Protein chains: 2
Amino acid sequence: MVAARKLAARKEPRQERSKDTVGSILRATARILTRDGYEGATTNRIAEVAGVSVGSLYQYFPNKDAIVAALIDAHCEEMFEVFRRELVAVAGAGLEVATRAVVSAQIEAHKLNPRLHRVFLEQLPKVGMLKRFHEINRRSELLVRTYLEARRDEMRPANLDLAAFLLVTTVEAVTHAAVIDQTERLDDPDFITEVTALCVRYLAKG
Amino acid sequence: MVAARKLAARKEPRQERSKDTVGSILRATARILTRDGYEGATTNRIAEVAGVSVGSLYQYFPNKDAIVAALIDAHCEEMFEVFRRELVAVAGAGLEVATRAVVSAQIEAHKLNPRLHRVFLEQLPKVGMLKRFHEINRRSELLVRTYLEARRDEMRPANLDLAAFLLVTTVEAVTHAAVIDQTERLDDPDFITEVTALCVRYLAKG
DNA sequence: GGAATATGCGAGTGTTCGCTCACGTTTACT
DNA sequence: AGTAAACGTGAGCGAACACTCGCATATTCC
């Protein structure tokens, strides 16, 4: 039985050169993942591309998964930040305007690094990795719910928790599919309009 | 360089006992995948659980992936059939009734074998495997679009192709999340109602 | 019965790959 | 200058695992 191993960094880099080493390792891993997919990302290959020895790699990461996990965390945080910033910015705006802005932001978030995003979601064989994406979704739902509650009287759905879940899941799935698998959808100027309609018509009364 | 290998069966089973062998292998693989996840599914383990030797396994499957691929195909076909049957059954019904029925069917389809479904979508490291699921989605979109076109005058969206894409992607994502990750959502009697509302309000005029 | 064919077996092979360890080099500090 | 700590190296170990091959058994068909 292979027990779950710690994913925390084994040693903190203190000097400048060791921070460079860690940076090189992360950049190399991202590069390999986007170019060759998960299969190509062996520890020896990562070290080679990073211009570093395997030994150095294992001074700062306890195992291979920790490297990927660090990348995922950074990627998730970036994406979430794009979403969060836009939502906060339009918190005062009306439903239609706010929704459209947030949908656009979600598309932009997916465009940050689509190839890496794809590898994370489609090729990583470890269940633990996906949890990090689910957590982002839960955080997004919380933000959305707060927005909905502030305008409760304009909203048709009684259960705003459920509404937030449906909206976040929907927009995530639709933008993901469009950016990752059907880029041609994005050329359609109606795309954002229709996704916005999907959300707004669900939320608005009447 | 490891070239892509053929996934077609190496030899067709002719006698009864060999058909049993193939069946045992497939059942064993499904069982291991649901119980232990992708990591546990080694060829030796599959053979052992199936009560068969590795050699026999390789008489009917050219490689490990072919076994998993066969399972995925069967699983996808089952799920799609649940969806298709219901859609055909309610093709004559009104928008609200039909939508509700199809959403329920999608939930049922996901309940066929949630654990296996999860492993397929979350743990398989090969990109090729996911294509099979995307293809089902495309087939579903086609069916939905046909329904929408038959009632074009009741529909608000001008682009029914885009509408079908949005609906299928949405319902798939929402039912998937509910069945796989948030089973408690299904206890909420409003769940189906709200998902139906999401679709119907998007489609209907006014 | 017996030849031909289909099926079954499983120890072993070759390779891949995560990871260690013993040793060299650089930096920080006194 | 001298010492300790931090950093870097890469050959190679050990285990896992997909897959083969030579041979045994069962079935079919004449």
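Please read these numbers as outputs of a predicted model, since none were measured by experiment. Side chains are part of it too, since the values below use all heavy atoms of this structure and drop only hydrogens, waters and symmetry mates. Chain A is the first sequence line, chain B the second, and so forth, proteins listed ahead of strands; every chain is numbered from 1.
- Atoms CD (A:Glu12) and C1' (D:dC7) sit 14 Å apart, rounded to a whole Å.
- Atom CZ of A:Arg156 has more than 12 heavy atoms from other residues, nucleotides or ligands within 6.0 Å.
- With C:dC9, C:dC19, D:dA6 as the choices, the nucleotide that has an atom nearest any side-chain atom of A:Val54 turns out to be C:dC19.
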> In B/S/- notation, 5' to 3', how is nucleotides 21-27 of chain C contacted by protein heavy atoms closer than 4.0 Å?
Replying inline: -----BS
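- Taking atom CD of residue A:Glu48 and atom P of nucleotide D:dT9, one finds them 13 Å apart after rounding to whole Å.
- Every residue meeting the ring pair (Phe, Tyr, Trp, His ring centres under 6.0 Å) condition with A:Phe120, not counting sequence neighbours, appears here in chain and number order: A:His75.
- B:Tyr202 pairs by the side chain to side chain donor-acceptor pair (under 3.5 Å) definition with A:Glu194, not counting sequence neighbours.
- Residue A:Lys64 contributes atom NZ, which lies 8 Å from atom C1' of C:dC17 at whole-angstrom precision.
- Contacts of B:Phe80 classified as ring pair (Phe, Tyr, Trp, His ring centres under 6.0 Å), with partners at least two apart in sequence or in another chain: none.
- Between the C1' atom of C:dT5 and the CZ atom of B:Arg14 lies a distance of 10 Å, rounded to the nearest Å.
- A ring-centre distance under 6.0 Å is not found for B:Phe133 and B:His176.
- Rounding to whole angstrom units, CD of residue B:Glu39 and P of D:dC17 are separated by 8 Å.
- For A:Tyr60 and D:dA6, the OH to P distance is 10 Å, given to the nearest whole Å.
- Between D:dA18, C:dT7, D:dT9, one nucleotide has an atom nearer to the side chain of B:Thr42 than all others, and that is D:dA18.
- For DNA chain C, none of the residues of residues 19-37 of chain A falls under the heavy-atom distance limit of 4.0 Å.
- For B:Glu81, the CD atom is densely surrounded, since the number of other residues' heavy atoms within 6.0 Å is greater than 12.
- Heavy atoms of B:Thr43 sit under 4.0 angstrom from at least one base atom.
- Below 30°, between 30° and 60°, or above 60°: for B:Phe165 and A:Phe191 the angle between ring planes is between 30° and 60°, a tilted geometry.
- Residues A:Glu135 and A:Arg139 are paired through a salt bridge, judged by an N-O separation under 4.0 Å between the basic side chain and the carboxylate.
- For A:Glu78, there are no side chain to side chain donor-acceptor pair (under 3.5 Å) partners, not counting sequence neighbours.
- Per the geometry, CG belonging to B:Asn44 stands 10 Å off C1' belonging to D:dA16, to the nearest Å.
- Map B:Pro13 and A:Ala41 each onto its nearest nucleotide of DNA chain C; the residue landing nearer the 5' end is B:Pro13.
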